[in-house]
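Read through the structure below, which is laid out as structure tokens, and then see the notes.
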2 protein chains.
Amino acid sequence: MNTSTEGQELAAWAKMLADSTRATVCLALLDGRAWTATELAKLAGVSRPTISEHLNMLVDGGLLSEVRQGRHRYVKLAGPETAELLEGLAALAPRRTEVANSLSAASKRDAFARARTCYDHFAGKLGVALTDAMTERGLLDWSDGVALTPEGARWLDELGIVVESRHGRPAVRSCLDVTERRPHVAGAVGAALCTHALQQGWVTRITGGRALKVTGSVETFGLPVGVVRELLSRS
Amino acid sequence: MNTSTEGQELAAWAKMLADSTRATVCLALLDGRAWTATELAKLAGVSRPTISEHLNMLVDGGLLSEVRQGRHRYVKLAGPETAELLEGLAALAPRRTEVANSLSAASKRDAFARARTCYDHFAGKLGVALTDAMTERGLLDWSDGVALTPEGARWLDELGIVVESRHGRPAVRSCLDVTERRPHVAGAVGAALCTHALQQGWVTRITGGRALKVTGSVETFGLPVGVVRELLSRS
DNA sequence: CGGTCAGTTCGGCGCCGGCCGAAGCAACCC
DNA sequence: GGGTTGCTTCGGCCGGCGCCGAACTGACCG
């Protein structure tokens, strides 16, 4: 329990995010996808040698994981925990007063608030609405943290959604929504729902960010909709 | 929603913790008390000029708040949110394999795990046990997040514990315990309980850290004890 | 008033780290 | 084989930052 040792560990951790280039990279990676080094260099506005070094540091530090494929270096967040940490930190970053923005920026922000991914699951109004609907229907049990009810498991099964196990971690987790300030479904179940919806084409990614477009009907999930329906009418 | 701008903000934030001296200071401040500059300089093992600059940075950055009193500069964490962030980060820091430690270090760690403060409320086995006891007794409702039941409010009232309101934030919050990996009671209620117990002398601070010694009987809270009693017998 | 003590300001030192261009690999494509 | 492309390594540049000792300020104490 040596305080100075602890301090060093915490500092080493924070150092990874303490550079704006690296922070930008990590934030971009929050979309849950794997990016190549060159893509990230372009995004962050630095040269390839520079991004290469940054990626080395982040991978060595355990924040990112990489896959080499031919001459490509794909990099992504190391895992769900990492994504959670980043979401949490970003949510805690000082709430700046919104300055006057262009119309396109405003519409982008709207799209972002309406429906987006949070690493591997849904967030924004969509994520919260889906969570509410599942709760109403009795698919989730919030009495002690959050858990899937037997009905919930059956429901997933009927939809043909396979939830990949995550060695020891609970299948469904709660994640605080940055824009809604309310919890939404995360964890393996959240990821499975999101993957399924993307595969089915119910939602698609809006290029260049984490925002989503609801193309089909979220009612396809067979849930009592309410907010979801309202949301759809505005998409 | 400019990614690079977001990155800069996140980086600026992380930079405050990215230095081991500053990180050590923040960790020490997690005990919720106000420290003087010289105390912190000694703790961190740097000169007074150096600590002075670090404190400037942390205060300007909004992580710490300060009070000037005569020739003293008292500094503490800016608020509960800040403390939550730090606890969360520290919990996420890589779990090092425990190296061989001296006996005194081990006993310190035990004391720390048994009972300590987490900024302004109880943590460790004590915090978790108190939380469990309150839950058993029906003082807390975990069905949607966590809330105080009417019985809980009455109970606090009977004990003569006054909960200070925190403009809009829920009176009781859940905080993940670093050592127990389970939630314990935080928020205004958690703070009030801790303050009360300290005032009553039921627990006292072990000098030089966040660890607590249980001197009286936590049964004084009038709760079904179980774990708490077992805990007491070992303190 | 002089002495002490907490904290700050200043100047300067040293180094770490972010950046790039040029050159070097290594994979893939004719 | 030669050309292209994704990425890394190498040198070198430069700015920032963490640190200190010395000197200063301002509060408090006789």
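Order of the sequence lines fixes the chain letters, A, B, ..., with proteins taken first and strands second; residue numbering starts at 1 for each chain.
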message: Measure CG/A:Leu17 against P/C:dG17 and give the value in whole Å, please.
response: 15 Å
- prompt: B:His72 side chain N/O closer than 4.0 Å to the phosphate oxygens (OP1, OP2) of D:dC28?
  reply: no
message: Expressed as a whole number of angstroms, how long is the span from B:Leu55:CG to C:dT8:P?
response: 7 Å
Rounded interatomic separation in angstrom, taking NZ from B:Lys15 and C1' from D:dG18: 14 Å
field: Closest to side chain of A:Pro49, choosing from C:dC19, D:dG18, D:dT9
entry: D:dT9
message: Between B:Ser52 and B:Arg48 (side chain of the first, backbone of the second, donor and acceptor by atom type, cut-off under 3.5 Å), is there such a pair?
response: no
- prompt: Would one find a side-chain N or O of A:Thr50 under 4.0 angstrom from OP1 or OP2 of C:dC20?
  reply: yes
- prompt: Between A:Ser47 and A:Thr50, is any side-chain donor less than 3.5 angstrom from a side-chain acceptor?
  reply: yes
field: Shortest side-chain distance from A:Asp19, nucleotide among C:dG7, C:dC19, D:dC7
entry: C:dC19
message: Whole angstroms only, please: what is the CD-P distance between B:Glu53 and C:dG12?
response: 15 Å
query: Can you tell me how far C1' of C:dA6 sits from OH of B:Tyr74, to the nearest Å?
result: 10 Å
message: On DNA chain C, does the nearest nucleotide to A:Arg48 precede the nearest nucleotide to B:Thr36 from the 5' side, or the other way round? Give the residue.
response: B:Thr36
Minimum-distance nucleotide to A:Met57 side chain [options: C:dG18, C:dG7, D:dG18]: C:dG18
- prompt: Which nucleotide in the list C:dG7, C:dC20, C:dT9 gets nearest to the side chain of B:Asn56?
  reply: C:dT9
message: Rounded to whole Å, please give me the gap between CD in A:Gln69 and C1' in C:dA27.
response: 13 Å
field: Side-chain donor or acceptor of A:Arg210 paired with backbone N/O of A:Thr117 under 3.5 Å
entry: yes
- prompt: In Å and rounded to the nearest 0.5 Å, what is the CH2 to CG distance from A:Trp202 to A:Leu193?
  reply: 9.5 Å
field: Value in whole Å for how far the P atom of C:dC25 lies from CZ of A:Arg73
entry: 19 Å
query: What is the distance from atom CG of A:Leu198 to atom CG of A:Leu212, rounded to the nearest 0.5 Å?
result: 6.5 Å
message: With a 4.0 Å limit, can you tell me whether B:Ser52 has a side-chain N or O closer than that to the phosphate oxygens OP1/OP2 of C:dT8?
response: yes
message: The side chain of A:Val46 is closest to which nucleotide in this list: C:dC19, C:dG7, D:dG18?
response: C:dC19
field: Base C:dA27 paired with A:Arg71 side chain (donor-acceptor, <3.5 Å)
entry: yes
Distance, rounded to the nearest Å, where A:Lys42 contributes NZ and D:dC7 contributes P: 13 Å
